[in-house]
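In what follows, a single structure is set out as structure tokens and then discussed.
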4 protein chains.
Amino acid sequence: MANRRGRPRSEAVRGAILTAAAELAAEGGPGAATIDAIARRAEVSRTTVYKWWPSAAAIVLEGLLESVRESIVRPPGSSTIEALVHHVSALNAILADPAVGALLRNVIAAAVGDPAIQAALLTQWIEPRRGAVVDSLTDAVATGELSGDTDIEVVVDALVSPPYYRLVFGMPPLSEHRVRALVDAVWAGCS
Amino acid sequence: MANRRGRPRSEAVRGAILTAAAELAAEGGPGAATIDAIARRAEVSRTTVYKWWPSAAAIVLEGLLESVRESIVRPPGSSTIEALVHHVSALNAILADPAVGALLRNVIAAAVGDPAIQAALLTQWIEPRRGAVVDSLTDAVATGELSGDTDIEVVVDALVSPPYYRLVFGMPPLSEHRVRALVDAVWAGCS
Amino acid sequence: MANRRGRPRSEAVRGAILTAAAELAAEGGPGAATIDAIARRAEVSRTTVYKWWPSAAAIVLEGLLESVRESIVRPPGSSTIEALVHHVSALNAILADPAVGALLRNVIAAAVGDPAIQAALLTQWIEPRRGAVVDSLTDAVATGELSGDTDIEVVVDALVSPPYYRLVFGMPPLSEHRVRALVDAVWAGCS
Amino acid sequence: MANRRGRPRSEAVRGAILTAAAELAAEGGPGAATIDAIARRAEVSRTTVYKWWPSAAAIVLEGLLESVRESIVRPPGSSTIEALVHHVSALNAILADPAVGALLRNVIAAAVGDPAIQAALLTQWIEPRRGAVVDSLTDAVATGELSGDTDIEVVVDALVSPPYYRLVFGMPPLSEHRVRALVDAVWAGCS
DNA sequence: TTCTAATCGAGACGGTACGTCAGGTCTTCTC
DNA sequence: GAGAAGACCTGACGTACCGTCTCGATTAGAA
């Protein structure tokens with residue numbers, strides 16, 4: 001396997017940029033996380049930033065995805081309803097976290113009007129998470145827990161959209177108790 | 001009756017600005033609806049725009065609110081479930097409308113990082129609509145259709161957030177049939 | 001003689017405007033004496049100002065001319081040299097006065113690039129004063145005090161330009177003693 | 001020898017800006033030489049102009065100083081009076097030149113109300129020129145040509161201020177013959 | 001070791017939009 | 001008809017950030 005020639009990319013620089021972007025986005029909103037400001041805070045040349053990312057939002061998104069890489073695991077040996085509660089609860093906790101929530105809001109704002117961010121957000125954030133819920137529900141249909149003519153997409157929507165909705169509009173996040181109530185109601189309604 | 005002094009505000013100018021902002025936001029996203037561009041398209045002086053609105057997003061929001069002023073009416077003589085279907089269906093239709101949906105996405109993006117827009121969006125758009133649903137559900141509790149310990153906020157969230165979720169992330173809107181399935185499931189789950 | 005119709009022009013308004021303009025010009029230089037600022041300080045409508053003067057500099061000039069209307073009188077029974085000293089000394093005193101000097105500097109700055117101000121400044125300020133000196137020198141030629149081939153314009157220039165020069169470039173004004181030395185030298189040189 | 005890092009400053013850009021400013025100031029007066037107009041005519045970005053100069057007048061002044069860098073040389077082997085005639089004549093010629101005269105008028109106008117321009121004008125234009133005349137006169141005192149109690153400042157004022165005076169008030173410039181007469185008269189008056 | 005290719009840093013430059021200010025014009029009402 | 005009040009347009013202001021560019025300095029593997 002051939003090693004590249006030339007000076008290798010500095011991991012320290014990459015990390016400093018991701019950190020700086022995350023801090024700025026969390027503190028001052030999308031207006032603060034400009035490429036200029038990121039470069040200044042990371043003590044890095046603007047040129048270097050432009051070399052690796054196309055926009056400030058792309059940096060924030062990359063940091064966001066890196067910080068929440070795990071967490072789509074279904075607890076082994078759990079019932080369907082428990083798996084759903086687990087998933088929605090975890091999602092809700094992530095979005096309610098002030099740091100992560102602020103980052104995601106910034107990325108969502110940037111996705112409007114930047115198709116690249118939009119696509120990355122969809123394929124790298126939304127779809128994996130939906131997929132996990134879809135899997136749980138598909139299993140439930142297979143075992144007969146759920147009727148075969150259940151519209152799974154609708155159920156997923158009802159389960160996962162409330163946390164996003166509250167985040168996006170700046171409403172207080174759902175409590176653990178309400179998450180439980182939400183999943184119970186939806187589950188009861190379709191089983 | 002006291003007549004105002006000075007030259008009266010031109011309604012033509014206001015209309016041209018709202019229209020221009022709506023067109024730009026629908027066409028090119030939040031990046032396109034700058035105050036400069038709005039003033040140019042409306043053939044109006046930039047200073048005039050600044051005199052009446054604090055930001056481009058405020059213009060878009062005002063136009064949006066003006067264009068969907070009605071539409072929170074509960075059809076008379078309807079059952080609770082019918083009223084809910086009516087409401088969610090209407091909401092979904094509004095958000096699925098390419099023009100209105102694009103405008104709202106822009107406003108949502110602007111609300112991140114602009115507390116004034118955020119507050120206006122919440123009090124003038126979100127809350128009235130939630131209120132209508134809350135009313136229907138409160139009536140249902142009063143008539144015994146719904147159990148007294150139902151958490152109404154949770155039910156509202158489950159009903160109204162999916163259309164926003166799909167709009168925000170650029171997913172295809174819910175079909176009429178799926179709206180019906182959503183309301184049925186949630187209703188069944190909590191009654 | 002028929003009286004004019006309509007409301008007569010308010011003398012109070014005119015005075016307030018002239019005063020405000022003079023104060024602003026003296027305090028903050030030409031940048032401060034804008035029509036907006038003058039109208040604000042005089043507590044007068046901008047429209048009214050525009051109705052009577054074409055520019056801020058015109059107001060300052062009018063106030064300036066009004067404040068130094070007299071002062072071109074030759075002391076009776078004086079010799080030519082005494083008359084010259086009197087004139088240059090008076091001119092120097094006027095220009096050295098902080099208030100008047102500041103106003104004149106403003107008007108001079110405005111005259112560059114405003115032909116109307118330029119013409120008014122020349123005919124209403126410069127020429128009357130030069131005329132007085134020219135008269136004294138012409139008399140001196142007539143009485144034989146001065147040679148007939150003296151170039152009077154040159155002598156006038158040498159006498160009156162230093163105070164303006166020092167005002168325009170912000171140099172300290174001539175002392176009374178130096179004014180005397182100046183007139184003596186020029187007089188000695190041409191007689 | 002240390003080489004500079006970064007992209008070197010474009011001399012072409014600097015020259016284009018100075019030229020454009022000079023042309024605009026000469027043509028249209030101080031109102032025409034705005035930074036916007038200069039940038040447009042020089043086909044240069046406005047931000048670049050702001051990077052190097054604080055105001056339009058500073059550009060005009062820099063161009064002016066550059067265009068008349070030489071010209072304070074005393075002709076070798078000349079008598080004092082010849083040196084004075086040479087200097088005043090050269091000064092008068094410069095100020096009478098339509099291009100240079102217009103530029104200087106603009107700068108003078110800008111110096112009122114801009115202390116930085118005022119100071120630069122004084123130290124970089126006025127004082128070097130006065131200094132040359134002062135030197136000639138000091139020499140003359142040393143050689144006994146001039147009395148020791150001559151007030152040199154006064155003599156300098158009498159010699160150099162007339163050309164400025166005529167320029168500033170838009171009067172026709174002195175002819176060569178009148179310059180000679182001026183220097184002769186002042187010299188005769190103090191020797 | 002030297003060459004070579006890449007990263008990284010510094011800074012100039014052309015742009016676009018920002019929000020503000022002043023100059024003017026016009027319209028309406030009041031004295 | 002004078003004056004007040006205020007809407008509107010024009011155009012320049014100075015700033016911030018964008019993205020591109022041209023350099024020099026640094027750091028490695030490859031020749």
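Letters A, B, ... mirror the listed sequences (proteins, then strands); counts begin at 1.
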Original post:
Do A/Arg14 side-chain and E/dT7 base share a donor-acceptor contact under 3.5 Å?
Top reply: no
Original post:
What about C/Arg46: does its side chain form a donor-acceptor pair under 3.5 Å with the base of E/dG24?
Top reply: yes
Original post:
Between A/Tyr50 and D/Ala37, who's closer to the 5' end of DNA chain F by nearest nucleotide?
Top reply: D/Ala37
Subject >> Among E/dC13, F/dT22, E/dG9, the one nearest A/Ser45 by side-chain distance >> reply: E/dG9
**OP:** Rounded to the nearest angstrom, tell me the gap between atom CG in A/Asp36 and atom P in F/dC18.
**Re:** 5 Å
Subject >> N or O in side chain of D/Thr48 less than 4.0 angstrom from E/dG14 OP1/OP2 >> reply: yes
Subject >> DNA chain F: 5'-proximal contact among B/Val44 and C/Glu43 (nearest heavy atom) >> reply: C/Glu43
Subject >> 5'-most by nearest nucleotide on DNA chain E - D/Glu11 or D/Gly6 >> reply: D/Gly6
Original post:
CZ of A/Arg14 to CD1 of A/Ile59: how many Å apart, nearest 0.5 Å?
Top reply: 11.0 Å
Original post:
Nearest-Å distance, CG (C/Leu24) to P (E/dA22)?
Top reply: 11 Å
Original post:
Below 3.5 Å, does any donor atom in the side chain of C/Thr47 face an acceptor in the base of F/dG3, or the other way round?
Top reply: no
Original post:
Below 4.0 angstrom from OP1 or OP2 of E/dA12, is there any side-chain N or O of D/Lys51?
Top reply: yes
Subject >> A/Glu27 CD: over 12 foreign heavy atoms closer than 6.0 Å >> reply: yes
Original post:
Within the structure, does a side-chain N or O atom of D/Trp52 lie under 4.0 Å from either OP1 or OP2 of E/dA12?
Top reply: no
Original post:
Given atom CH2 of C/Trp53 and atom P of E/dA22, what is their separation to the nearest angstrom?
Top reply: 19 Å
Original post:
How do B/Pro54 and C/Ile35 order along DNA chain E: which one's closest nucleotide is nearer the 5' end?
Top reply: B/Pro54
Original post:
Where the side chain of D/Arg5 is defined as all heavy atoms beyond and including C-beta, which of F/dG24, F/dA2, E/dT27 is the nearest nucleotide?
Top reply: F/dG24
**OP:** Could you state the atom-to-atom distance from CD1 of B/Ile17 to C1' of F/dA7 in whole Å?
**Re:** 12 Å
Subject >> Candidate nucleotides F/dT20, E/dG23, F/dA5, ranked by approach to the side chain of D/Arg7 - the nearest >> reply: F/dT20
Subject >> Verdict with supporting geometry, D/Trp52 and D/Val13, side chain to side chain contact (heavy atoms under 4.5 Å, CB included) >> reply: CA-CA 11 Å; D/Trp52 299 105; D/Val13 162; over 6 Å; no
Original post:
Going from CD on C/Glu43 to CD1 on C/Ile38, what distance comes out if it is rounded to the nearest 0.5 angstrom?
Top reply: 14.5 Å
**OP:** Report yes if the side chains of D/Phe169 and C/Val168 come closer than 4.5 Å at any heavy-atom pair, otherwise no.
**Re:** no
Subject >> A/Arg40 vs F/dC17: side-chain N/O to OP1/OP2 distance below 4.0 Å >> reply: yes
